[in-house]
2 protein chains.
Amino acid sequence: MIAVSLLEEYGGIIKNYKSGDFIFEEGNRPLHYYQIISGEVKMNNYNDEGKEFIQGIFYKNQCFGEPPLFIDQMYPANAVAVIDSEIIIITKDKFLDLLKNNSEISLKIIKNLSQRLYYKSVMAAEISSQDPEHRVLRLIDYSIEQLNFKKEEAGFLINFTRQQIGDLTGLRVETVIRAIKSLEKKGDLKIINRKVYR
Amino acid sequence: MIAVSLLEEYGGIIKNYKSGDFIFEEGNRPLHYYQIISGEVKMNNYNDEGKEFIQGIFYKNQCFGEPPLFIDQMYPANAVAVIDSEIIIITKDKFLDLLKNNSEISLKIIKNLSQRLYYKSVMAAEISSQDPEHRVLRLIDYSIEQLNFKKEEAGFLINFTRQQIGDLTGLRVETVIRAIKSLEKKGDLKIINRKVYR
DNA sequence: TCCATTTTATGACTTAAATCATGAAAAACT
DNA sequence: AGTTTTTCATGATTTAAGTCATAAAATGGA
């Protein structure tokens, strides 16, 4: 998103997180801008019964957690490192200064937020009113479009576990497993030693 | 959002829509910026079985449908007038010019998108993994916070039909009716001749 | 290399919400 | 005012996804 050199000019510091570390937690007050240098971060919630819902998964060069920063609300979800990750962090004040002094960044932020809102809109409609197979397939197609899934001979390798797909679509693992099997039978995707291709 | 006078400087024209009229449809290419002068607009999808999902409801002074405009994607949902409405419209090009020449507007847009993303995040987690009563109550509380629901002696009047609540939460009308009844029994809200107060 | 954990898998069963049916009350047209 | 449509309401039934149990394969640490 924003050039690391520019972030460093505004006091950016790089922090290391181990797999599973929380970067911030639901209910915290937003005080920083976060951008991934390397690694992978998920934003998630846990409901009353402890079931996880993954809001999104973020990769290299992506930022996360800005919306609450702009509207002065508490974080609606946790941010957790999925693998060991390096994250560059600047304070809210410096970030707003940076925006003010670099008007072309605003458009970048707008586009980024728009992209995420688009994803949420598509998935909201899916989650609320489509059958499991439809939901899984939509998530897969959207992820191919937006994430850096590798194209191999068999198709795009879907780099999610069944559990992650469940947590992203609000389905249980078993249901995801059954949906994927059924989608394979219909020829909508391939399973080659447990990995899913589309 | 944006001053009407400023929109008019950039060629804004006011269009009238009757209740039920489509302003744009899912799959259309985004070519304009829309802002409500008066009336009420919903954005919705229909799934394969014809069930409606309401992405959001927008009121006076609010804009809608910008995300796809910024990222050059087709509209992911329809926009429909819920009651007779006046909408001011400017072309995409003029809108981008306006943004370029009025940098303070960018921050407004960012805040607006952030607010909507925040709503989507909260509701996504709710819809995917909470029981109906929880979902209904969350929608109601969020709507009180964000929309202009009137405070009366009995509490805030929830200005939604049961059907609308269902379409916003992905539940069926009957389920919403039962959830609301149950919530009333628990004392979480009041029903006074069919109207819901919180 | 070995052991613990995670991931994928499948069958049996349970359950909560959807569906279906029906009707009264209220709202919106004509 | 009268008629149509929408909204709210409730009971009975169905069903799809969740839950539970169990296990093999793969992965990841120690």
Side-chain angles (χ1 to χ4, degrees), chain A residues 18-20 40 42 47-54 80-84 126-137 139-140 157-185 189-197, chain B residues 18-20 40 42 47-54 80-84 126-137 139-140 157-185 189-197:
Chain A
K18 288 240 162 290
S19 171
E40 191 179 326
K42 68 177 172 185
N47 77 355
D48 299 344
E49 285 90 47
K51 185 175 183 299
E52 181 178 8
F53 176 73
I54 300 178
V80 186
V82 177
I83 55 176
D84 294 356
E126 284 292 320
I127 286 176
S128 90
S129 53
Q130 298 284 6
D131 66 288
E133 291 176 28
H134 207 284
R135 278 150 85 166
V136 168
L137 208 53
L139 174 76
I140 285 175
L157 170 61
I158 308 309
N159 200 20
F160 287 143
T161 65
R162 313 290 197 267
Q163 183 64 62
Q164 283 180 320
I165 293 176
D167 293 340
L168 283 159
T169 53
L171 298 166
R172 309 250 76 145
V173 209
E174 298 95 322
T175 307
V176 173
I177 289 168
R178 284 163 186 146
I180 287 176
K181 288 264 154 143
S182 165
L183 286 165
E184 190 203 19
K185 240 177 225 160
L189 36 78
K190 285 178 202 157
I191 305 177
I192 299 172
N193 62 18
R194 300 173 143 213
K195 289 177 198 303
V196 178
Y197 296 87
Chain B
K18 288 241 162 291
S19 171
E40 190 179 327
K42 68 178 172 184
N47 76 357
D48 299 345
E49 284 92 48
K51 183 175 184 299
E52 180 177 10
F53 176 74
I54 300 179
V80 185
V82 177
I83 55 177
D84 293 356
E126 283 295 317
I127 287 176
S128 89
S129 53
Q130 299 283 8
D131 66 287
E133 291 178 27
H134 206 284
R135 276 151 85 164
V136 168
L137 207 53
L139 174 76
I140 286 176
L157 171 61
I158 308 311
N159 200 21
F160 288 143
T161 65
R162 313 290 198 264
Q163 183 64 62
Q164 283 180 320
I165 293 176
D167 293 340
L168 283 159
T169 54
L171 297 167
R172 308 251 75 145
V173 209
E174 298 95 321
T175 307
V176 172
I177 289 167
R178 284 163 188 147
I180 287 176
K181 287 264 155 148
S182 165
L183 285 166
E184 189 203 20
K185 242 177 223 159
L189 38 78
K190 285 177 201 154
I191 306 178
I192 299 170
N193 62 18
R194 298 172 145 213
K195 290 179 199 300
V196 179
Y197 295 88

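What you see is a predicted model, and the numbers here were worked out from it, not measured in a lab.
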(message) Between C1' on dA17(D) and NE2 on H134(A), what's the gap in Å once rounded to a whole number?
(response) 17 Å
(message) side-chain contact (heavy atoms from CB on, under 4.5 Å), that's the test. Do E126(A) and T169(A) meet it? Break it down for me.
(response) CA-CA 8 Å; E126(A) 284 292 320; T169(A) 53; over 6 Å; no
(message) Measuring to OP1 and OP2 of dT7(D), would you say a side-chain N or O of R162(B) lies under 4.0 angstrom away?
(response) no
(message) Taking side-chain hydrogen bond (donor to acceptor under 3.5 Å, both in side chains) as the definition, give me every residue that meets it alongside S182(A), ordered by chain and number, with sequence neighbours left out.
(response) E133(A)
(message) Just to verify, what does Q163(A) make a side-chain contact (heavy atoms from CB on, under 4.5 Å) with, not counting sequence neighbours?
(response) T161(A), D167(A), V173(A)
(message) Taking side-chain contact (heavy atoms from CB on, under 4.5 Å) as the definition, give me every residue that meets it alongside V82(A), ordered by chain and number, with sequence neighbours left out.
(response) E40(A), K42(A), Q164(A)
(message) Counting primed atoms plus P, OP1 and OP2 as sugar-phosphate and everything else as base, spell out the protein contacts along nucleotides 23-30 of chain D at 4.0 Å heavy-atom distance: B, S or - for each nucleotide, 5' to 3'.
(response) -BBS----
(request) Report the residues that fulfil ring pair (Phe, Tyr, Trp, His ring centres under 6.0 Å) with Y197(B), sequence neighbours left out, ordered by chain and then residue number. (result) none
(request) Starting from C1' on dC8(D), measure out to CZ on F160(B) and report it in whole angstrom. (result) 17 Å
(request) Kindly write out the residues that satisfy side-chain hydrogen bond (donor to acceptor under 3.5 Å, both in side chains) with N193(A), not counting sequence neighbours, or none if the list is empty. (result) none
(request) Scan G166(B) against the nucleic acid and name what it touches under 4.0 Å (heavy atoms): base, sugar-phosphate only, or nothing. (result) nothing
(message) Between V176(A) and V173(B), which residue's closest nucleotide on DNA chain D lies nearer the 5′ terminus?
(response) V173(B)
(message) Please report the distance, rounded to the nearest Å, between CD in Q130(A) and C1' in dA18(C).
(response) 15 Å
(message) Which residues pass the side-chain contact (heavy atoms from CB on, under 4.5 Å) test with K18(A), not counting sequence neighbours?
(response) D21(A), D84(A)
(request) Take the protein atom CD1 of I158(B) and the nucleotide atom P of dC8(D), then report the distance between them rounded to whole Å. (result) 13 Å
(request) List for me each residue that meets side-chain contact (heavy atoms from CB on, under 4.5 Å) alongside N47(A), sequence neighbours excluded, and say none if there are none. (result) E49(A), K51(A), S129(B), Q130(B)
(request) Could you tell me the separation between the CG atom of N159(B) and the P atom of dT7(D), rounded to a whole number of Å? (result) 13 Å
(message) In whole Å, I'd like the distance from the CD atom of E184(A) to the C1' atom of dT8(C).
(response) 13 Å
Interface polar pairs with nucleotides 10-15 of chain C, N/O, under 3.5 angstrom:
| unit_1 | atom_1 | unit_2 | atom_2 | d |
| --- | --- | --- | --- | --- |
| dT10(C) | OP1 | K181(A) | NZ | 3.3 |
| dT10(C) | OP2 | K181(A) | NZ | 3.1 |
| dG11(C) | N7 | R178(A) | NH2 | 2.9 |
| dG11(C) | O6 | R178(A) | NH2 | 2.9 |
| dA12(C) | N6 | R178(A) | NH2 | 3.4 |

(request) Starting at atom CD of Q164(B), determine the distance to atom C1' of dA27(C), rounded to an integer number of angstrom. (result) 14 Å
(request) Quickly work out the K190(B) NZ to dC8(D) C1' distance and round it to whole Å. (result) 21 Å
(request) Tell me whether the OP1 or OP2 atom of dA18(C) has a side-chain N or O from T175(B) closer than 4.0 Å. (result) yes
(request) Drop me the distance from I180(B)'s CD1 to I140(B)'s CD1, to the nearest 0.5 angstrom. (result) 5.5 Å
